[in-house]
Amino acid sequence: MTENGSIVIVGAGQAGGWAAKTLRAEGYAGHIVLVGDEPHPPHERPPLSKAVLAGSSEPDVCHLFKSDAFAALNLECEPGERATSIDRQARTVLTDRGRRLPYDRLILATGSRVRKLVIPGADLPGVFYLRTIADALALRERLTTGARLLVVGGGWIGLEAAATARKRGVAVTVLEAADRLCARAASPELSEYLARLHAGHGVEVRLQAGLQSLRSAPDGGIVALLADGTELAADAVVIGVGIIPNVELAKEAGLEVRNGIVVDDQGRTSDPNIFAAGDVTDQPGARLGRRVRLESWQNAQDQAIVAAKAALGGDARHDPLPWFWSDQYEANIQMLGLPERWPEAVRRGDPASGTFSLFYLKGAEIEALVSVNAPRDLRAARRLIEQHKPVRAADLADPEKNLQKL
Ligand SMILES: Cc1cc2nc3c(=O)[nH]c(=O)nc-3n(C[C@H](O)[C@H](O)[C@H](O)COP(=O)(O)OP(=O)(O)OC[C@H]3O[C@@H](n4cnc5c(N)ncnc54)[C@H](O)[C@@H]3O)c2cc1C
């Protein structure tokens, strides 16, 4: 592509920002338009449920680029503009400001949005979600000492909100419909640990709890009615029941969409001029042995880098070894790998000590790892997984054995 060319990126989150940065890093000197519908510069989300919600940082910590680095990228980017349709024949993107943006290559990084709860009272004032900067700031205002927070959904976002709220002196109850926390992405042993961690910090965790409705209370608060007839009073409710990929733009343009926008290991969609990256993609996952849609910061970044290089004709490939982290209270929790089924764990260290790792083996190799306050174990395990090194469970379980030397 030439300096007269144009690349349009839709979505100014982690994936969109990294796609733009990579295009320039790879020497692309043509025009880049970054279309993002949120009223902020390109930004990431992890601090929103942690430092920003806690009040120890302001939202600008989420910005992907300092202002001079952003200027140096020389992007056309006016926050708050939405792409409304793609004309694949004419190779243009139409926006809600009536602009028609021509492209040689288009990168879709439209991410995901929260799944809304459909029950009576779900739209009452005092009911929040946690996805955007505005969400985090609105919820933060309600997290004052002595307030009561009801968290609906015991997944990662709900649990981080619970931990942050406890730090701010808020009384917290977590409702989870399944029989364990983070059931979709965590191993049973990790779920148990999380339940103990939160209980130890004074959170009331209710499993197999169905929420039927919310209603306003005379004191200005909210009353939640559970399926078993229990009523719970709260000052605020935060709902974290999953996300939905923003596939509509791609679907309406006739691109192949299944669990997300279908891409190959270069981020290429069913149209050779259109690429996609991040939460919105349904990708091959060769290492995992199945197609996956990953909802993680690292995947958004790595896949965007590959997609941007591929858009310029490069040959990089993305075969994710899923990595995810969460910070709750004093625990830094990291997970590597994503088995379809969790085999029995090999434990290293004592969960009661607050520092331990759980290894999950497939044959003689490590398939996945959970580490709590044990980043060294994670680094060693990553190498063992990437190099397909056979290991012995007894060595992993023995804290005297140096994992780096295995
Ligand atoms: C509160 C919170 C905490 C998190 N913490 C962690 C963590 O600790 N670790 C971790 O690994 N992951 C974490 N995640 C997940 C991680 O943030 C996501 O996986 C990541 O944001 C995905 O990046 P993305 O660019 O694909 O999508 P997004 O961040 O969703 O960005 C997509 C952007 O595109 C915009 N957009 C969509 N459609 C259009 C359109 N038509 N026109 C213009 N713009 C459009 C969206 O509004 C959005 O701004 C967290 C997520 C949240 C919400």
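All ligand and atom numbering here is 1-based and tracks the order in the structure. Only this structure's heavy atoms are used, side chains among them; waters, hydrogens and symmetry mates stay out.
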I'd like to check the side-chain contact (heavy atoms from CB on, under 4.5 Å) partners of A227; sequence neighbours left out, ordered by chain and number. Q212

Is the shortest side-chain heavy-atom distance between [X] and [Y] below 4.5 Å?
{"X": "R105", "Y": "F275", "result": "yes"}
{"X": "I274", "Y": "R88", "result": "yes"}
{"X": "Q301", "Y": "E44", "result": "no"}
{"X": "H40", "Y": "P79", "result": "no"}
{"X": "L369", "Y": "L358", "result": "no"}
{"X": "V170", "Y": "T145", "result": "no"}
{"X": "I7", "Y": "H31", "result": "no"}

[X]: numbered ligand 1 atoms lying under 4.0 Å from its heavy atoms:
{"X": "A109", "answer": "32 (C), 33 (C), 34 (O)"}
{"X": "G278", "answer": "26 (O)"}
{"X": "T110", "answer": "32 (C), 34 (O), 36 (N), 37 (C), 38 (N), 39 (C)"}
{"X": "V35", "answer": "43 (C), 44 (N)"}
{"X": "S112", "answer": "30 (O)"}
{"X": "S49", "answer": "1 (C), 2 (C), 3 (C)"}

Look at [atom] and say which protein heavy atom is nearest, naming residue and atom and giving the distance to 0.1 Å.
{"atom": "atom 25 (O) of ligand 1", "answer": "A15 N, 2.9 Å"}
{"atom": "atom 15 (C) of ligand 1", "answer": "E295 O, 4.3 Å"}
{"atom": "atom 6 (C) of ligand 1", "answer": "P46 CG, 3.7 Å"}
{"atom": "atom 20 (C) of ligand 1", "answer": "D279 OD1, 3.9 Å"}
{"atom": "atom 16 (C) of ligand 1", "answer": "W297 N, 4.0 Å"}
{"atom": "atom 42 (N) of ligand 1", "answer": "A83 N, 2.9 Å"}
{"atom": "atom 27 (O) of ligand 1", "answer": "G111 CA, 3.2 Å"}
{"atom": "atom 10 (C) of ligand 1", "answer": "F324 CE1, 3.4 Å"}

Under 4.0 Å, heavy-atom basis, I'd like to know which part of [X] is in contact with ligand 1: side chain, backbone, both or neither.
{"X": "T95", "result": "neither"}
{"X": "V10", "result": "side chain"}
{"X": "W156", "result": "neither"}
{"X": "K50", "result": "side chain"}
{"X": "A300", "result": "side chain"}
{"X": "R131", "result": "both"}

Contact check: N246 vs ligand 1, nitrogen or oxygen atoms, below 3.5 angstrom: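 No.
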
V280 N/O under 3.5 Å from ligand 1 N/O: no

Can you check whether H63 and F70 have ring centres sitting under 6.0 Å from each other?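 No, too far apart.
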
Determine whether any heavy atom of E81 lies closer than 4.0 Å to an atom of ligand 1.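 Yes.
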
With D282, which of R290, R291, R293 fulfils salt bridge (Lys or Arg N to Asp or Glu O under 4.0 Å)?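 Among R290, R291, R293, the one meeting salt bridge (Lys or Arg N to Asp or Glu O under 4.0 Å) with D282 is R291.
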
Single hit among R82, R113, R97 for salt bridge (Lys or Arg N to Asp or Glu O under 4.0 Å) with D37: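 The option that passes is R82.
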
Please identify which of these residues, Y360, W342, Y193, meets the side chain to side chain donor-acceptor pair (under 3.5 Å) condition with S187.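 Between S187 and the candidates, side chain to side chain donor-acceptor pair (under 3.5 Å) is satisfied uniquely by Y360.
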
Sequence neighbours left out, cut at 3.5 Å: what donor-acceptor pairs do the side chains of residues 149-161 make with other protein atoms?
from, atom 1, to, atom 2, distance (Å)
E160, OE1, S49, OG, 2.6
E160, OE1, K50, NZ, 3.0
E160, OE2, K50, NZ, 3.3
E160, OE2, S326, OG, 2.6
E160, OE2, D327, N, 3.3

Just by distance, no angles: are the side chains of N373 and T355 close enough, under 3.5 Å, to form a donor-acceptor pair? no

Tell me the nearest of [options] to [atom], using heavy-atom distances.
{"atom": "atom 29 (O) of ligand 1", "options": "Q14, R45, R82, R113", "result": "R45"}
{"atom": "atom 45 (C) of ligand 1", "options": "I333, D135, D37", "result": "D37"}
{"atom": "atom 2 (C) of ligand 1", "options": "L48, T281, I157", "result": "I157"}
{"atom": "atom 48 (C) of ligand 1", "options": "E160, Q334, H40, E38", "result": "E38"}

Given R268 and V263, is the side chain to side chain contact (heavy atoms under 4.5 Å, CB included) satisfied, shown in steps? CA-CA 5 Å; R268 196 182 303 274; V263 294; 5.9 Å; no

For the pair N299 and Q283, evaluate side chain to side chain contact (heavy atoms under 4.5 Å, CB included) and give the outcome as yes or no after the intermediate values. CA-CA 11 Å; N299 176 68; Q283 58 175 313; 3.0 Å; yes

